[in-house]
K.L.:
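I'd like to ask some things about the structure below.
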Amino acid sequence: MLQVEKLTKTYPSEDGQQTVLRNVSLALAAGESLALTGESGSGKSTLLTLVAGLDQPDQGAIRFQNHDLTQMDDAGRADLRRGEIGVIFQQFNLIPSLDVAANIAFHARLAERADAAWCAALATRLGLEAHLARYPEQLSGGQQQRVAIARTLAARPKLVLADEPTGNLDEDSSDTVLDLLMSGVRETGAALLMVTHSLRQADKLDRRLHLSHGQVSG
Amino acid sequence: MKRAAFSALISHWRKHPIQLVSLLLGLALATALWSGVQAINAEARASYDRAAGVLGQDELQRLEPRAGTISLAQYVAIRRAGWLASPVMDGAINLNGTRARLIGIDPLSTPPQSSPVDLSGDGDLQAFVLDGLLFAHPETAAQIPATLPPVRVTDTLTPGLIITDLSTASDLLQTDSFARLILAPQQSVNLRPLSELAPDLLLIAPEEGNDIARLTDSFHLNLTAFGLLSFGVGLFIVHAAIGLAFEQRRPLFRTLRALGLRKSTLLTLLATELFALAVIAGTLGVALGYLVAAALLPDVAATLRGLYGAQVSGALTLNPAWWLSGLAIALLGTAVAGAQSLWRTANLPILAPAQPRAWAIASLKSLKRQALVGAGLIALSAVLAGYGSGLTTGFVLLGCLLVGAALTLPLFLHVALNFASKFSHTALSDWTLADTRQQVPGLSLALMALLLAMAANIGVGTMVSSFRVTFTGWLDQRLAAQLYVTARDQAEATDLARLLDGEVDALLPIRYIEAQIEGAPGQIYGIIDDITYRENWPLLAAQPDVWNRLAAGDGALVNEQLALREGLDPGDPVTLGTAQFTVLGVYSDYGNPRGEAIVSLDQLGAKGAPIQGFNFALRLPETRVDEVTNLLTTAGLPARNIRDQAAIKAFSLDVFERTFTVTGALNVLTLGVAALALLTSLLTLSTMRLPQLAPVWAMGLTRAKLARLELLRAIILAALTALIALPVGLALAWVLLAIVNVEAFGWRLPMTLFPSDWIGLFIAALIAAALSAAWPARRLATRPAADLIKVFAHER
């Protein structure tokens, strides 16, 4: 479903060009989960943003279903994100002006795939039913991340990209949130590509890919 | 330590140049509009003072007739009784179409304090007395024809004034009586009292002398009020910029305090920084203010000349005191705008959260609290409208109304957006409305400025348009005659009357005398009984059978200004000159700042005072206007002494238009400042809004679409602001028409509504909002993806 081929990305820096990713390739089948691990600055998050179509690589190709993201314009990639890809960030990045219920339904409504019963079921499963009328600033970090997961799953994406989704949470909350994410992804049949520092969490996924200095090392 | 801390503090401005520019520009514009108006007022007042001081009226007592002039016999009687009095002739002469005031003095008896010209040079006195030397301002000197006596130019006189010897003045004015007698400060003791010697003359104290300054006070107060409004709108920008800069530096303040910087030192450094910014912006503002004043002064001078007969030079002089006061107002404005931020910083605990509070994020509770204060101010303005009086009260009322409305605006926007969200059915519209609601606190200051500017625009626009409609209709009524003719003397007037007998439908003499009306200078007109007056004269209130009773000498008509000033109604007694009359009616008299009355021509003649003005109004068919004009010119009357109705209307409307040119210009400038406030706020917010926009972008909205939504958001907010600006503007118009104008000018006008103007302004506001949002929206549309991605990687 997802094929990344020889991806290279450089950013301008004070010392000239800094290569963040170098000839990175990976593949992900439907319903499969893959953990991206590596030290800070290894290029994990950059790889995730390229796969999400948030940025463009300098070289290489990203094929998702029948689309080559590197050949698509900004609007095309936005359409793909809206309909097929869900992104979960470490900082939750909820919409502060909307309450929890509206946040959960938001992506699905953008994708014109809103299903009130599914949203309600997700809220119940993620333990958010008592907080639906609250606003993000009134929730704890763990609760906010559960809302972010619910928002992504509510849209039933084919591919879920998660950038250290438990990075801001304590160990207990992390395990709970990850378990909820994994079960939700399994239920929807989506593929999961997750960036994490934690080897323990990475082991819960089907496969693991290690990045070091912008290259796949294991 | 201090230097390091200060350099850390000001490094903020290097990182946020737009904030710096908006702060400096806001303060500079506020200072410019305020100091520009002050410069105009100062220039005009200096001219009044020069005029008032020209014959020492500001220092010396003088005798003036209750009505008419002072005869030579009266003057001789006073001198023979031992009083040191110097006679003055005062009248108007025509200089190639423009009128100039000619004053004749006796240089030998004039007290030194009242000598308007310097005659100390060799032969000056001889030339003044024997050659009839004329002294005049350069502007006036240039208009004096060569047929008049020689001219000496002097800057000490106001434009439009000519000083000469009594005998020359007597020739040029064709009179041998005096306008007033100036009394020397030192007089002999045991003189016969003036009240016995000359009971017809009034002893005027020096401080009462400056009539022009008194008459024009309200005009200048109006200008000052508009200057203050512009200044207030500008301060909204300054307040917003300072507030934001302080909020964004809260983590820095905490760090500096944690590193051992004393609170007092931190506050001193911040105050120093504000002082430096105020001096820079103030200097720029004063320079801009000079340009504003120089651009507007010619129109103000023309207005003052047309409306009040006040001569003000069209050129601006630079005064160091004015520069300093401009800088002072900039410093004061900065202090007012920065006080709240400094106070917050002073009370900030060292361990306060490092993350900056979102800019001015106000809870619903604080919005309600603010709206409550606003409602209180609006209620106060309603009380003042019902029970207050006086021009100052009128402006306090305006202030309460405008500030009150501005304070209630954020809550109104919050409620309106909340209401709109009930009808929203898509995720995007839900988010747009919710996000707009969240933006309201950050934009509220700019939107308040927009509200004030728009309300002022609607209010002043309605006032001016109402005035124009009323004034035009009134001119059509009052200028019913087709031709207006001025004879040069009594003999010519008699000849003209004989010539025109049978040639016109009606020959209406226009005669008047200068007289004291209820203790203030004014004019009493005498008219004959004619159908023209009965059909056309605009009466606001009248007793039954008013025209027959006027013709029978049963009373007088008074103008609205006099009636309002003295609280006169039909049936009340009024003192005109030395006699008492019954008020038969009140007539509207727009454009005339003085009290005026009308009696029958017979009664005017019976008052004994010299009748002035040898004018006639001629009623005749339009088709015969050219024929009668030719008849008059063939008889030797100069063409400039014959004016048709259209020319007089055009002149009157020109005076009217010029009167409101300045307020119109200030209005447009205020709207411009408000648009700038919106632009700077949106630009500043655009950098802070990435955390709100990035997740939506990540979920599949393009930057271009987000940018279009940003544009739409600004337009929605401007439209809602315009909706509330309309009732506020109309209330403002009512206050201006029913309270301020009555107090300032002495006439009340009916309020006329002009919905097409509102639609125009509404569209202009939307365009201004769209233009203000266009730049930040474009920046968002072209923003590198990396900037948005950073949002996901960094703590907000």
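Just so you know, these numbers use all the heavy atoms, side chains as well, and skip hydrogens, waters and symmetry mates. Letters A, B, ... are given to chains in the order of the sequence lines, protein chains preceding strands, and every chain is numbered from 1.
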K.L.:
Quick one: what part of A:Phe106 sits under 4.5 Å from any heavy atom of chain B, side chain, backbone, both or neither?
P.N.:
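It is both, since atoms from each part get that close.
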K.L.:
Flag the one option from B:Gly700, B:Pro784, B:Ala694 with the top tally of heavy-atom pairs under 4.5 Å to chain A.
P.N.:
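Option with the greatest count: B:Gly700.
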K.L.:
Using a 6.0 Å cut-off, check whether atom CD of A:Gln59 has over 12 heavy atoms from anything other than its own residue.
P.N.:
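For A:Gln59, atom CD is not crowded (no more than 12 foreign heavy atoms under 6.0 Å).
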K.L.:
Drop me the distance from B:Asp435's CG to A:Ile95's CD1, to the nearest 0.5 angstrom.
P.N.:
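One finds 8.0 Å between CG of B:Asp435 and CD1 of A:Ile95.
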K.L.:
Answer with side chain, backbone, both or neither: which region of A:Ser45 has an atom nearer than 4.5 Å to a non-hydrogen atom of chain B?
P.N.:
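A:Ser45 has no heavy atom closer than 4.5 Å to chain B.
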K.L.:
To the nearest 0.5 Å, what is the distance between CG on A:Asn93 and CD on B:Gln692?
P.N.:
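Here the rounded value is 10.5 Å.
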K.L.:
Compute both the distance and the angle, then confirm whether A:Arg109 meets the cation-pi test with B:Trp431: under 6.0 Å from the six-membered ring centre, within 45 degrees of the axis.
P.N.:
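No, A:Arg109 and B:Trp431 do not form such a contact.
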K.L.:
Assess whether atom CZ of A:Arg113 is packed by more than 12 heavy atoms of other residues, nucleotides or ligands within 6.0 Å.
P.N.:
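Correct, the count exceeds 12.
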K.L.:
Could you check which of A:Arg81, A:Gln56, A:Arg77 has the highest count of heavy-atom pairs closer than 4.5 Å to chain B?
P.N.:
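Most heavy-atom pairs under 4.5 Å with chain B: A:Arg81.
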K.L.:
So with a 6.0 Å cut-off around CD of A:Glu112, is the heavy-atom count from everything else above 12?
P.N.:
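It does not: A:Glu112 CD has 12 such atoms or fewer within range.
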K.L.:
Please round to the nearest 0.5 Å and tell me the distance separating atom OG1 of B:Thr702 and atom CG of A:Asp79.
P.N.:
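These two atoms lie 8.5 Å from each other.
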K.L.:
Considering only heavy atoms, which portion of A:Ala52 lies under 4.5 Å from any heavy atom of chain B: side chain, backbone, both, or neither?
P.N.:
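Neither part; nothing is under 4.5 Å.
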K.L.:
Hey, which of A:Asp163, A:Leu110, A:Leu54, A:Thr49 has the most heavy atom pairs under 4.5 Å with chain B?
P.N.:
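That would be A:Leu54.
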K.L.:
Hey, could you give me the CZ/CE distance between A:Arg82 and B:Met699, rounded to the nearest 0.5 Å?
P.N.:
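Going from CZ on A:Arg82 over to CE on B:Met699, the span is 11.5 Å.
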K.L.:
Which answer fits A:Arg151, side chain, backbone, both or neither, if we ask what part of it has an atom under 4.5 Å from a heavy atom of chain B?
P.N.:
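Side chain of A:Arg151 only, per the 4.5 Å heavy-atom cut-off to chain B.
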K.L.:
Taking A:Asp55, A:Asp74, A:Val87 one by one, which has the highest count of heavy-atom pairs under 4.5 Å against chain B?
P.N.:
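Looking at each option in turn, the highest pair count goes to A:Asp74.
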K.L.:
Is the count of non-hydrogen atoms from other residues, nucleotides or ligands lying under 6.0 Å from A:His213 atom NE2 greater than 12?
P.N.:
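Incorrect, the count does not exceed 12.
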